[in-house]
There are 2 protein chains.
Amino acid sequence: MGKYNAKNEASDKFSLRGKVFHKIRDDILSGKYKDNEELKEVAIGEELGVSRTPVREAFRQLELEGLINIIPNKGAYVTGITVKDVKDIYMIRSLLEGLCAKWATENITPEQLEEMEENVYLAEFHATKGHTQQIAELDNRFHEILYEACNSKMLEKQLRDFHDYVLRVRKKTLSENNRGTASNKEHKYILEAIKSGDPLKAEAEANKHVMSAFENMVKNGLYEAYSTE
Amino acid sequence: MGKYNAKNEASDKFSLRGKVFHKIRDDILSGKYKDNEELKEVAIGEELGVSRTPVREAFRQLELEGLINIIPNKGAYVTGITVKDVKDIYMIRSLLEGLCAKWATENITPEQLEEMEENVYLAEFHATKGHTQQIAELDNRFHEILYEACNSKMLEKQLRDFHDYVLRVRKKTLSENNRGTASNKEHKYILEAIKSGDPLKAEAEANKHVMSAFENMVKNGLYEAYSTE
DNA sequence: CCACGTATAATTGTATACAATTATACGTGG
DNA sequence: CCACGTATAATTGTATACAATTATACGTGG
């Protein structure tokens, strides 16, 4: 599974289509394009120094992700991500991360468990030192391990997609307001529930973790700066 | 929202790319291609009488849906959908349909509520008559209404994708074993919870509905015939 | 006979050409 | 002046050409 994904990422990095896809995706999520703005194949192709072919292929992917809306023979229009979208994603993620933690309790391998323990331990250190970059990376990795450990291709894919979607928001939230310390404490609770073999406890802790991340975001009003609404 | 989607469907129907996408997707989901089978652009293009361009664009979409795995410069390989995948999707759907019903309770419009009542009433009639085709259509539509009524673009998209994914399995299940009658009764419970303005009741009923659909499927061993495992 | 390397074929990646469709400009009649 | 229709430009849709990469065939030396 990990290898499978690594390959896909390689594909994305080394082909023009993948580069174009990620570039436009980032630009939409970061708010470079306005809502309903029209994306033109030639213009974007020229900007990135490629022909229309890779741009078109990237458009098809973006359409499927729901980031743009393609009207046949007419054009591609940015759908963007609104404040409500981010909120909804956190609600959905809360449920699904819970399910993921529950399943992970029953399917995690010793290696994954060990990496998770190491992750939490190391994050504790960086949190006290205020190393925001490392904290963000460890946080991402904690969730990645959880996704892999649940042993469900379907759930893993869903959570990964959502995770990517709100990545920018999450990173910012973590770097402010001591959220990093609190977040890592919650990771520890999840880890302990998994270690003690209590799936329902793990589910509840993961639920709470996502919800508290969301509440922290709302409290700080941080997410408004990153939406197109 | 409804219109937005209608447009997308039109796009899919009238462009070659859309036709190719749906054809390959159906072929994978119905088991025409084996797991790990390689899909070649030229071969599929010739089969469908189109050039490589629409085929390639369809491939990119299928990759994003997780149905094929594209290795750069090498080829596209069918990932397929396994028994476990179907099971996992039902578990995920159970949670998300619950959330959807909860939100729908708070956001449903009078028009949607009326259509839902009509839907349940009509399905009752067709269930007693054993009209499997109509039952399947009304069942689909019931869930569509629910998805629209929750007023969340994100959740709606998720549920629609999953719904499509297991459509074939669902249709078959409904036509056997009087599941249609039982299913419609559960729809009625959801509807009544929504009408009485009880979001938690609606959530619980929707949870149960998906789980009982899944249990029915397992009991009859029906889903094994529709997977690639 | 087989291991290996090289030539050849097959396949994917990207750019471009042409067709079809849609948007825009512009002129004319009233 | 403006409503309308037609010509023109811009844009997307699809096919095809060429380049780059990978798979296969085949021959030769030992």
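Numbers restart at 1 for each chain; the letters A, B, ... are given by sequence-line order, proteins then strands. Because only heavy atoms are used, hydrogens play no part in the values below, and waters and symmetry mates are left out as well, while side chains stay in.
Partners of N36(A) by side-chain hydrogen bond (donor to acceptor under 3.5 Å, both in side chains), not counting sequence neighbours: none found. Scored by the side chain to side chain contact (heavy atoms under 4.5 Å, CB included) test, A202(B) finds A101(B), T105(B), A193(B), I194(B) as partners (sequence neighbours excluded). Checked against side chain to side chain contact (heavy atoms under 4.5 Å, CB included), E38(B) has the following partners two or more places apart in sequence or in another chain: K40(B), Y77(B). Evaluation of the side chain to side chain contact (heavy atoms under 4.5 Å, CB included) rule for D88(A) yields K84(A), W103(B), S152(B), M154(B) as partners, not counting sequence neighbours. Residues that satisfy the side-chain hydrogen bond (donor to acceptor under 3.5 Å, both in side chains) test with D85(A), not counting sequence neighbours, are T82(A), K153(B). For Q134(A), the side chain to side chain contact (heavy atoms under 4.5 Å, CB included) criterion is met by H126(A), H131(A), not counting sequence neighbours. Under the side-chain hydrogen bond (donor to acceptor under 3.5 Å, both in side chains) criterion, R60(B) pairs with E57(A), sequence neighbours left out. Residues satisfying the side-chain hydrogen bond (donor to acceptor under 3.5 Å, both in side chains) test with K23(A), not counting sequence neighbours, are D27(A).
Within the 4.0 Å cut-off from OP1 or OP2 of dA15(C), not a single side-chain nitrogen or oxygen of R17(A) is found. Contact between the side-chain N/O atoms of T53(B) and the OP1/OP2 oxygens of dT14(D) is not found at any separation under 4.0 Å.
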Pairing pattern in dot-bracket form [Watson-Crick, G-U; both distances under 3.5 Å; | = partner strand] for DNA chain D: ||||||||||||||||||||||||||||||
Every protein N/O lying under 3.5 Å from an N/O of nucleotides 17-19 of chain D:
none

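The CD atom of E57(B) sits 12 Å away from the P atom of dT12(D) (whole-angstrom rounding). Distance N73(B) CG to dT21(D) C1': 5 Å, rounded to the nearest Å.
The structure places OG1 of T132(B) at 15.5 Å from CZ of R179(B), a figure rounded to the nearest 0.5 Å.
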For residues 45-52 of chain A, which side-chain N or O atoms pair as donor and acceptor with protein atoms under 3.5 Å away, sequence neighbours left out?
unit_1: E47(A); atom_1: OE2; unit_2: K32(A); atom_2: NZ; d: 3.2
unit_1: S51(A); atom_1: OG; unit_2: T53(A); atom_2: N; d: 3.4
unit_1: R52(A); atom_1: NE; unit_2: E41(A); atom_2: OE1; d: 2.9
unit_1: R52(A); atom_1: NH2; unit_2: E41(A); atom_2: OE1; d: 2.9

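Mapped onto DNA chain C by nearest heavy atom, R56(B) and K74(A) fall at different nucleotides, with R56(B) at the one closer to the 5' end.
Contacts between residues 36-49 of chain B and DNA chain C, counted as heavy-atom distances below 4.0 Å, involve L39(B), K40(B), E41(B).
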